[in-house]
Amino acid sequence: MYDPTVARLTYRALLGRRRALILGALPLLLIAISVVVRFLAGADDQTAADLLGGLALATMVPIIGVIAGTGAIGPEIDDGSVVYLLSKPIKRPTIIFTKLIVAIAVTMVFSAVPTLIAGFILNGNGQQVAVAYTVAALVASIAYAALFLLLGTVSRHAVVFGLVYALVWEALFGSLVPGARTLSVQQWALAVAQKVSGGDLVTSDVGLTTATVLLVAVTALATWYAGQKLRSLTLAGEE
């Protein structure tokens, strides 16, 4: 299910000079803001939780997920170079799974690692805030990568749709509309983080069991459907 050649090509596409600069901008901004906040406000657990929840998990992680998930396959479909890949004797689900692994890895590195660093800068991991939000970033990276990889497979406007989901649904509706929170990757990840922290600083509107089931289901279904769409694309090309 994992092809090293596909993985190498995907890494090269995602970590090219231009995309790497975009991927690194938000993490650097998070760390810079954390340094300033720590200098001005000192070590405060609530401030750390607010910043990591509002900037890291609610904004940085989904945007990086959009860039990595859609960038893993979208450009190849747009410029037609995917035909070269599909002409190789590689199963279509293997292509999708490999690209998903790469997208997850890139999303985790550019979101979870900076979150951990920012958390330690802000309050030295007081009340497990840094670790809790890092775990949330890791968990969310998996679901976001799968969702946005699917978007990259089915739409030529995947980046636009991905940003609308990340910034409008997750950040706006997910914060203001109670019913929408149940369908929010951010809230699912927060449920896991709440379990890790064991305190009141990290909370979620979704129970841990429900969040775990939804995370697994969405990741699995998105990956499966992306494989099916890529298979359909191959058949259309052959016809």
Side-chain angles (χ1 to χ4, degrees), residues 1-3 6-16 18-27 56-79 81-82 85-86 92-115 136-171 174 183-189 214-233:
M1 292 296 292
Y2 182 85
D3 188 274
V6 174
R8 185 173 64 254
L9 293 174
T10 307
Y11 274 118
R12 185 180 301 172
L14 285 179
L15 299 178
R18 184 189 307 175
R19 189 168 278 114
L21 289 174
I22 298 173
L23 285 169
L26 278 175
L57 188 62
T59 304
M60 182 184 71
V61 180
I63 290 178
I64 290 176
V66 169
I67 297 171
T70 60
I73 195 169
E76 291 178 318
I77 294 177
D78 291 342
D79 63 20
S81 61
V82 71
L85 182 61
L86 297 179
R92 305 309 175 248
T94 298
I95 295 174
I96 290 296
F97 184 77
T98 301
K99 288 182 173 293
L100 174 63
I101 295 299
V102 173
I104 289 173
V106 171
T107 306
M108 284 181 172
V109 168
F110 283 91
S111 61
V113 174
T115 299
L138 290 171
V139 170
S141 294
I142 299 173
Y144 282 134
L147 282 172
F148 298 136
L149 179 65
L150 172 61
L151 273 179
T153 307
V154 302
S155 174
R156 291 182 178 273
H157 306 288
V159 174
V160 175
F161 291 137
L163 289 175
V164 168
Y165 174 83
L167 300 178
V168 178
W169 181 266
E170 290 275 9
L183 300 177
S184 167
V185 174
Q186 177 187 341
Q187 291 296 323
W188 304 342
L214 289 172
L215 282 167
V216 173
V218 165
T219 301
L221 287 173
T223 304
W224 172 80
Y225 192 60
Q228 296 303 306
K229 293 300 293 183
L230 191 62
R231 183 175 296 171
S232 300
L233 178 65

**Message:** Assess the residue pair Tyr144 and Val185 against the criterion (side-chain contact (heavy atoms from CB on, under 4.5 Å)); give the C-alpha distance rounded to whole Å, side-chain angles, the decisive distance to 0.1 Å, and a yes or no.
**Reply:** CA-CA 8 Å; Tyr144 282 134; Val185 174; 3.7 Å; yes
Rounded at 0.5 Å granularity, tell me how far [atom1] in [X] sits from [atom2] in [Y].
X      : Y      : atom1 : atom2 : result
Thr10  : Glu76  : OG1   : CD    : 6.0 Å
Leu85  : Thr98  : CG    : OG1   : 9.5 Å
Leu149 : Thr219 : CG    : OG1   : 11.5 Å
Asp3   : Ile101 : CG    : CD1   : 13.0 Å
Leu14  : Ile22  : CG    : CD1   : 11.5 Å
Trp224 : Leu150 : CH2   : CG    : 10.5 Å

Looking at [X] and [Y], would you say the former's side chain and the latter's main chain have a donor-acceptor pair under 3.5 Å?
X      : Y      : result
Ser155 : Leu151 : no
Arg19  : Ala68  : no
Thr153 : Leu230 : no
Lys99  : Ala72  : yes

**Asked** Thr115 and Leu138: side-chain contact (heavy atoms from CB on, under 4.5 Å), yes or no, with the steps?
**Response** CA-CA 10 Å; Thr115 299; Leu138 290 171; over 6 Å; no
Between [X] and [Y], what is the shortest heavy-atom contact and its length?
X      : Y      : result
Leu86  : Arg92  : O-NH2, 2.7 Å
Thr70  : Pro75  : O-CD, 3.4 Å
Ser111 : Ser141 : OG-OG, 3.3 Å
Pro62  : Ala166 : CB-CB, 3.5 Å
Pro27  : Pro114 : CB-CG, 3.4 Å
Ala146 : Thr223 : CB-OG1, 4.0 Å

**Request:** Starting from the C-alpha separation in whole Å, work towards a yes-or-no answer on side-chain contact (heavy atoms from CB on, under 4.5 Å) for Thr94 and Val6.
**Result:** CA-CA 9 Å; Thr94 298; Val6 174; over 6 Å; no
**Asked** With a 4.5 Å limit on heavy-atom distance, are the side chains of Leu215 and Ile142 in contact?
**Response** no
**Prompt:** Does any non-hydrogen side-chain atom of Leu23 lie less than 4.5 Å from one of Leu15?
**Reply:** yes
**Request:** Apply side-chain contact (heavy atoms from CB on, under 4.5 Å) to the pair Ile67 and Phe110, showing each step before the final yes or no.
**Result:** CA-CA 11 Å; Ile67 297 171; Phe110 283 91; over 6 Å; no
**Item:** Contacts of Arg156 that satisfy salt bridge (charged side-chain N to carboxylate O under 4.0 Å, His left out) - sequence neighbours left out
**Value:** Asp78
**Message:** Below 30° counts as parallel, above 60° as perpendicular, anything between as tilted: where do the rings of His157 and Phe161 land?
**Reply:** perpendicular
